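What follows is a set of notes on a single structure, which appears directly below.
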Amino acid sequence: MVNFLTNILILGVPFSVALLLAGLGEMFNQRAGVFNLGCEGIMAMGAFLAFMPPYFLAGSMPAGMANLVGILVAMAAGALMGLVFALVTVTFRAPQGIAGIGLHMLGWGTAGTLFRHFVGGVTGVPGIQTLPIPFLSGIPFLGPVLFNHNPLVYLAFLLVPAAWYLLFKTPWGLKVRSVGTYPRAADTMGINVNRVRYQALALGGAMAGLAGAYLSLAQAKMFADDLVAGRGFIAVALVYFGRWHPVGILGGALLFSLAQSLQLSIQVAGIDFPYEFAVMLPYVLVIVVLALSGKSKMASPTDLGKPYNREQRV
Amino acid sequence: MRPEPIRTLELRGITKRFPGVLACDGINLDVPEHSVLALVGENGAGKTTLMNILMGLYQPDEGSILLNGRDVKFRSPNDAFGHGIGMVHQHFMLVPNMTVVENIALGMKETHKTFGLDLKQVRRRILEISERHELPVQPDAFVWQLSVGEQQRVELVKTLCLGARFLILDEPTSELTPQETDELIVLLKKMSDELSIIFISHKLHEVKALSDTVSILRHGRMVFRGNTADHSSSDLAALMTGHEVNLPRNECGDGCGDVLLEIRDLRVRSDRGYMALDGVSLDVRAGEILGVAGVSGNGQRELADTLNGLRRAESGTVLLGGKQLLNRSPRDVIDSGMGYIPEDRNTEGIVPSFSIKENLVLKDFAAGTFSALSFLRLGTIRRNADNLKKRFDIRCPSTDTAAGSLSGGNIQKVILARELARGPKALVAVYPTRGLDMGAEEFIHNQLLERRREGVAILLISEELEEIMNLSDRIAVIYKGRILKIIPGGEATKKGLGMLMAGVMDE
Ligand SMILES: Nc1ncnc2c1ncn2[C@@H]1O[C@H](COP(=O)(O)OP(=O)(O)O)[C@@H](O)[C@H]1O
Ligand SMILES: [Mg+2]
């Protein structure tokens, strides 16, 4: 029994990373007043682009180097897609929901098409290897659960306090929070509302790109059309779930991924439980918690979804 | 780095157009140093637009700004701050879910360090300013926790922290209680020794009390400027509106009929859970205006909500013409002949994004007059709107304009038109002239008195003593959810009412 539970944790922690990275990025978008449903598409592009350098350069450079190049390319492409989204929704003030769905289709379709064109069938890459942390990984129970993962897992968890610091303790975080809640007030204080929104969307895009890279290089060690499998949309939901707070998002990502690893373990252990319901479990859980959680108005960026126009009367 | 002092500031030929509106039409304005200039004008005269141009928030279509004789261009409020110009806006520009320090730090760019915010420096500056000008604020409170008066102080402190020595105040008193207003005037008077101030208002007694010179805007044009001391309030009012203003009075004849609206032992909880109305009983007779006087927050909102079916009461009775209305749906209340002029025009009175003509049928579009077989009768709706526009003098480019883009006075006329055209038996009017100019106030008061003559039972909730005393047949003073006393309108004095509103019962 203890073994069963430990295994759920060991499996669940790395599962949470893609959601966590994308969710933290989306948090900055939404705190600045823009929700980006295209997160899923950016992750698909990130996953694909990160996969390419290790796949093509396998012989000509060390694997670690190729992985790094892949990650950087994925992040740069993600940032670029965030900026395109900013152009459409911030500058041209297109409705964010529709624009986000468009970006999702664009990213998802492009990644799949390019993959079939350049690669074709299912092929693996060595991917990012586990890096046990000396000494710490030897601690019973905690070691395997927390300190025996690939480097991106550690990075993602360190990004939680970093995102908190950025959002609540730096001038940029202050600007982000103000333009998402009351952009006119920010404007009267001499803050360039649209510039801050562009910056936040670029950051959010880069994080989504990184999340995609994690999926193809660290989690699956391959690329496929449906690799992202709705995680981008779940990340968007997790931001609401986590009340726009990094710790809340971490909680949501863990809850979801642990439920998922529980469902896998149930199947693997051959417990007699209808498999369809097991697969549903994480999704149902998120919906239930989302519905029951408190909806304090004070946490949310109240201007979320609204474009800002200085000369428009409110 | 201190900016060079502003000795002269001139606006030359400023013109600004919005779609369908000429908001500023070749305005010239000189602002003298170390004095208070009052900028007055009716709602929609262009005061806010002009000041937003001066702050660099709007770009003028024509005209220029001269500072110490030199042409300057303000592209964003940062440029204006850079010259020591600051503004307290008509609507508070404070982010509710950030603390006071954070709000002020947002504008203090010198505290934006690479690796963090220097909140210590901000806090020091806040305390220094708040001590010097006797403006107590709580630096670590969240803005949403503060009362309106406190937020006003934070706005002032904020503007001063940003280094303003030239202060623009856009209708700073419109949301304040009478006591808070008096305090603010005293404070500004003191501050004017060190600073130059542009004070925007349409309340002429404030203008008289505070300003040295006065400039009057009407329909986007500068129509007058002169020394405040040389002109009486009524002269200024006439210049502002373009005609003589006579606020009407209730002649206090006893034409009242039978009790139409009967409220018994009403007990209602507030949003925060305490008993906001604790056994309120009131009678309003046909053809009577019953004024409910009180400092806002003593249960007025809950009373208005409950009477209109928008809030559940714990217990009590509300009878309109003998029909029980307590805890019925708003639809039932409306159909029973209750009219409502809500406190919050923009969120409860209209749907801002709907056109004027749609807003005018908001309560009746499903009735036979305006729809048939579940299709809207657009022709009838348009004719209704054109008709009401004329009758209620609603100033708008067309009745297809979004109601939310109108000025406060015109939004109020839309609401008034909708409510009165339905021929209500009773009317609940909550702060009906708050934030409106004298022309609009005169219009609304006349409308209310006319309805009274027609036999409507009117419950008028207000904290403007003058309004209450001018219009009411009887005045009920509400304090902490109870009616302290009911006095005949003719016997009320400002002093007496003021005491009662503060909870002091004289014997
Ligand atoms: N952002 C805007 N868009 C369209 N019309 C506006 C805008 N701001 C002001 N107006 C219009 O310009 C006129 C002047 O408005 P404003 O400057 O707010 O007047 P005031 O402050 O004197 O009440 C009004 O008719 C108003 O409807
Ligand atoms: Mg104004």
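Residue numbers begin at 1 in each chain, while the letters A, B, ... track the order of the sequences. Side chains included, hydrogens not; waters and symmetry mates left out as well; all remaining heavy atoms used. Keep in mind that what you see is a predicted model, and the values were worked out from it rather than measured.
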Please classify the contact between B:F92 and chain A as side chain, backbone, both or neither, with a heavy-atom cut-off of under 4.5 Å.
backbone

Atom group of B:K158 that falls short of 4.5 Å from chain A, counting heavy atoms:
side chain

Is it the case that the side chain of B:K47 and the backbone of B:G41 share a donor-acceptor pair, with hydrogens and angles ignored and the cut-off at 3.5 Å?
yes

Would you say the side chains of B:Q138 and B:E150 form a donor-acceptor pair under 3.5 Å?
yes

Report the C-alpha distance between B:D170 and B:M55 in whole Å, list the side-chain angles of each, state the deciding distance to 0.1 Å, and finish with yes or no for side-chain contact (heavy atoms from CB on, under 4.5 Å).
CA-CA 12 Å; B:D170 194 355; B:M55 284 307 292; over 6 Å; no

Counting distance only, does the side-chain N/O of A:S257 pair as donor-acceptor with the main-chain N or O of A:L254 below 3.5 Å?
yes

With a 4.5 angstrom heavy-atom cut-off, is it the side chain or the backbone of B:L162 that approaches chain A, or both, or neither?
side chain

Donor-acceptor contact below 3.5 Å, side chain B:R434 vs main chain B:E343
no

Note: B:R301-B:E348 ion pair, threshold 4.0 Å (strictly below)
yes

Under 4.5 Å between any side-chain heavy atoms of A:D303 and A:R184, yes or no?
no

Per-residue contact mode, B:A80 against chain A (heavy atom under 4.5 angstrom):
neither

May I ask you to check whether A:H104 and A:F233 place their ring centers less than 6.0 Å from one another?
yes

Taking heavy atoms only and a threshold strictly under 4.5 Å, list by residue number the residues of residues 158-175 of chain A that touch chain B; give 'none' if the list is empty.
A:Y165, A:F168, A:K169, A:T170, A:P171, A:L174, A:K175

For chain A, which candidate among B:L117, B:D79, B:T111, B:T114 shows the most heavy-atom pairs at distances under 4.5 Å?
B:L117

Under 4.5 Å from a heavy atom of chain A, the part of B:N103 involved
backbone

